[in-house]
Amino acid sequence: KQEVTQIPAALSVPEGENLVLNCSFTDSAIYNLQWFRQDPGKGLTSLLLIQSSQREQTSGRLNASLDKSSGRSTLYIAASQPGDSATYLCAVILFGNEKLTFGTGTRLTIIP
Amino acid sequence: EPEVTQTPSHQVTQMGQEVILRCVPISNHLYFYWYRQILGQKVEFLVSFYNNEISEKSEIFDDQFSVERPDGSNFTLKIRSTKLEDSAMYFCASSGSRGTIYFGEGSWLTVV
């Protein structure tokens with residue numbers, strides 16, 4: 001059974017700093033990995049998708065990396081802004097499956 | 001930008017009542033999903049739907065639950081006889097292929 005873990009559960013950093021969020025998964029036979037953002041009481045906004053054959057993806061100030069062999073992904077946020085404050089979730093799909101398995105998320109607070 | 005829309009945004013229902021949650025997926029998407037998130041917990045997969053049939057379902061998705069795509073645009077989740085533990089945020093999602101999965105804003109269901 002796939003388990004997805006995100007550490008730390010919460011993180012506070014001053015505005016302008018670069019930061020890294022971590023995601024680990026137990027089964028490396030993943031089809032793809034997706035990072036989402038969730039604002040309180042809201043839906044999930046897709047940030048980045050990394051296919052199993054890829055090592056990283058970039059979108060603006062965000063960069064996600066994938067290391068399947070070690071079962072890890074990181075989300076790098078450059079030059080953080082208060083608007084980046086949210087919960088960040090990673091989720092994986094295994095080959096042969098349809099479902100996303102989610103981590104518990106990291107609640108990020110950017111301090112102005 | 002195309003989006004997944006869900007109605008209602010919030011519903012309060014009495015235990016034992018039937019509930020139907022509605023979703024309009026992104027128009028050219030082929031894969032449809034329901035997920036739920038109990039307050040303070042992980043997002044959990046319920047069911048996936050492709051080519052007018054269920055393609056995968058979780059243990060949560062028992063006989064109390066059903067899904068339907070009654071026409072070319074709507075995708076519904078029915079809970080036949082709600083229980084207190086069904087209280088959660090229910091997310092509809094869709095994807096065009098087995099790539100990025102896009103989520104709606106969710107429907108809060110409160111069972112009293």
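Letters A, B, ... are given to chains in the order of the sequence lines, protein chains preceding strands, and every chain is numbered from 1.
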Say whether [X] and [Y] are linked into one hydrophobic cluster, either directly or through other cluster members, by side-chain heavy-atom distances under 4.5 angstrom.
{"X": "B:I60", "Y": "B:M15", "answer": "yes"}
{"X": "A:V92", "Y": "A:L48", "answer": "yes"}
{"X": "B:F49", "Y": "B:F61", "answer": "yes"}

Point-to-point distance, once rounded to the nearest 0.5 Å, from OG of B:S81 to NZ of B:K83:
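The OG atom of B:S81 sits 7.5 Å away from the NZ atom of B:K83.
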Is the backbone N or O of A:V4 less than 3.5 Å from a side-chain atom of B:K42, with the two atoms forming a donor-acceptor pair by type?
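Yes.
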Proximity of residues 103-112 of chain B to chain A, residues having a non-hydrogen atom under 4.5 angstrom:
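Within residues 103-112 of chain B, the residues under 4.5 Å from chain A are B:F103, B:G104, B:E105, B:W108.
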Could you go through A:Q38 and B:Q37, starting from their C-alpha distance and side-chain angles, then the distance that decides it, and tell me whether this counts as side chain to side chain contact (heavy atoms under 4.5 Å, CB included)?
CA-CA 12 Å; A:Q38 185 177 30; B:Q37 186 177 31; 2.9 Å; yes
Quick one: what part of A:T104 sits under 4.5 Å from any heavy atom of chain B, side chain, backbone, both or neither?
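Both backbone and side chain of A:T104 come within 4.5 Å of chain B.
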Under a 4.5 Å heavy-atom cut-off, does chain B meet the side chain of A:E98, its backbone, both or neither?
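Both the backbone and the side chain of A:E98 come within 4.5 Å of chain B.
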Would you check, one step at a time, whether the test side chain to side chain contact (heavy atoms under 4.5 Å, CB included) holds for B:E56 with B:V47?
CA-CA 6 Å; B:E56 188 174 347; B:V47 66; over 6 Å; no
Under a plain distance cut-off of 3.5 Å, with no hydrogens placed, do A:E56 and A:N63 share a side-chain donor-acceptor pair?
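Yes - a donor-acceptor pair under 3.5 Å links their side chains.
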Return yes if a side-chain donor-acceptor contact under 3.5 Å exists between A:D67 and A:S69, otherwise no.
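The criterion, which ignores hydrogens and geometry beyond distance, is satisfied for A:S69 and A:D67.
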Does [X] reach the side chain of [Y], with side-chain heavy atoms less than 4.5 Å apart?
{"X": "B:P8", "Y": "B:L21", "value": "yes"}
{"X": "B:N51", "Y": "B:L30", "value": "no"}
{"X": "B:V24", "Y": "B:N74", "value": "yes"}

For chain B, find its close neighbours in residues 70-87 of chain A: heavy-atom separation under 4.5 Å, sorted by number, or none.
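Answer by number: none.
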Using only non-hydrogen atoms and a strict under-4.5 angstrom cutoff, which residues of residues 23-33 of chain A touch chain B?
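Within residues 23-33 of chain A, the residues under 4.5 Å from chain B are A:Y31, A:N32.
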Side chain / backbone / both / neither for B:S48 at chain A, heavy atoms under 4.5 Å
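Contact with chain A is through the side chain of B:S48 alone.
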Could you have a look at [options] and say which one has the most heavy-atom pairs with chain A under 4.5 angstrom?
{"options": "B:Y31, B:F91, B:Y35", "value": "B:Y35"}
{"options": "B:A93, B:S55, B:S95", "value": "B:S55"}
{"options": "B:Y50, B:Y33, B:Y102", "value": "B:Y33"}

Give the intermediate values and the outcome of side chain to side chain contact (heavy atoms under 4.5 Å, CB included) for residues B:I101 and A:L100.
CA-CA 9 Å; B:I101 298 177; A:L100 281 164; 3.7 Å; yes
Using a strict cut-off of less than 4.0 Å between a Lys/Arg side-chain nitrogen and an Asp/Glu carboxylate oxygen, indicate whether A:D39 and A:R37 qualify as a salt bridge.
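Salt bridge between A:D39 and A:R37, a charged N being under 4.0 Å from a carboxylate O: yes.
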Can you label the angle between the A:F102 ring and the A:F36 ring as parallel, tilted or perpendicular, going by 30° and 60°?
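Rings of A:F102 and A:F36: tilted, as their planes differ by 30° to 60°.
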Taking only residues at least two apart or on different chains, which pairs with a member in residues 10-36 of chain B satisfy salt bridge (Lys or Arg N to Asp or Glu O under 4.0 Å)?
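Found B:R36-B:E44.
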